[in-house]
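Remarks on the structure that follows.
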Amino acid sequence: MVFLPATPQEKSTSIPSETEALVLTAHEMYSLGPNHLEKKIEKEYGVNIPQNTIYRILLTHGRVVISMRKMIALNGQDRWLIAFMDNSSRLITCFQGSKG
């Protein structure tokens, strides 16, 4: 028996209009962020929508503020960040980043 590696598939960039309408309606009703909204939609409507998709929908409609971590992931560019954090206070003492 020969095991072949899985063939890479392109991710779909288009979001169905029904999904977009459901996320916007749920966001108006509950005023939650993407993480909690994902769980609330799954519980109330029985539909699993990933939080990244919810974030992209809310971002395109101006409902959330751009998160630096998400911006790096959405642009698809290689970037790195080194941060030094104090253990007791969780304060970032200094950081260095690159656009790669």
Side-chain angles (χ1 to χ4, degrees):
M1 187 180 318
V2 177
F3 292 102
L4 298 176
T7 57
Q9 297 178 358
E10 292 185 19
K11 292 183 178 180
S12 174
T13 56
S14 64
I15 299 169
S17 59
E18 299 85 16
T19 303
E20 193 168 329
L22 177 66
V23 169
L24 293 175
T25 303
H27 185 261
E28 287 175 11
M29 287 174 42
Y30 303 115
S31 298
L32 298 172
N35 293 337
H36 294 290
L37 200 57
E38 174 189 17
K39 296 171 186 165
K40 191 70 165 179
I41 289 174
E42 188 168 3
K43 182 180 177 183
E44 295 292 325
Y45 300 101
V47 178
N48 184 14
I49 302 172
Q51 67 186 24
N52 292 332
T53 304
I54 294 172
Y55 179 78
R56 285 193 307 166
I57 292 170
L58 296 177
L59 189 62
T60 56
H61 291 279
R63 305 275 181 104
V64 293
V65 178
I66 296 175
S67 170
M68 197 60 184
R69 292 186 319 169
K70 295 290 182 180
M71 188 168 68
I72 292 170
L74 289 176
N75 287 342
Q77 298 175 356
D78 292 333
R79 295 182 182 189
W80 55 266
L81 174 72
I82 298 173
F84 295 96
M85 186 181 293
D86 182 42
N87 284 341
S88 60
S89 65
R90 300 289 188 226
L91 174 72
I92 296 178
T93 56
C94 64
F95 63 94
Q96 174 76 35
S98 168
K99 292 187 177 181

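Rounding to the nearest 0.5 Å gives a distance of 5.0 Å between CD1 of Ile49 and OG1 of Thr19. For the atom pair CG (Leu37) and OG (Ser31), the distance works out to 9.5 Å, reported to the nearest 0.5 Å.
Closest of all the heavy-atom pairs between Glu38 and Pro50 is OE2-CA, 4.0 Å. The nearest pair of heavy atoms linking Ala26 to Ile41 is CB-CG1, 3.8 Å. Ile54 and Pro34 make their closest contact through CG2-CA, 3.9 Å (heavy atoms, listed as atom of the first residue, atom of the second, distance).
In this view, Glu44 and Tyr30, Lys40 satisfy the side chain to side chain contact (heavy atoms under 4.5 Å, CB included) rule, not counting sequence neighbours. For Glu18, the salt bridge (Lys or Arg N to Asp or Glu O under 4.0 Å) criterion is met by no residue, not counting sequence neighbours. Applying the side chain to side chain contact (heavy atoms under 4.5 Å, CB included) rule to His36 yields the partners Leu32; only residues at least two apart in sequence or on another chain are considered.
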Run the side-chain donor-acceptor check on residues 57-64: report pairs under 3.5 Å with partners two or more places apart or on a different chain.
unit_1: Thr60; atom_1: OG1; unit_2: Arg56; atom_2: O; d: 3.3
unit_1: Thr60; atom_1: OG1; unit_2: Ile57; atom_2: O; d: 2.8
unit_1: His61; atom_1: NE2; unit_2: Glu20; atom_2: OE2; d: 2.5
unit_1: Arg63; atom_1: NH1; unit_2: His27; atom_2: ND1; d: 3.4
unit_1: Arg63; atom_1: NH2; unit_2: Glu28; atom_2: OE2; d: 3.3

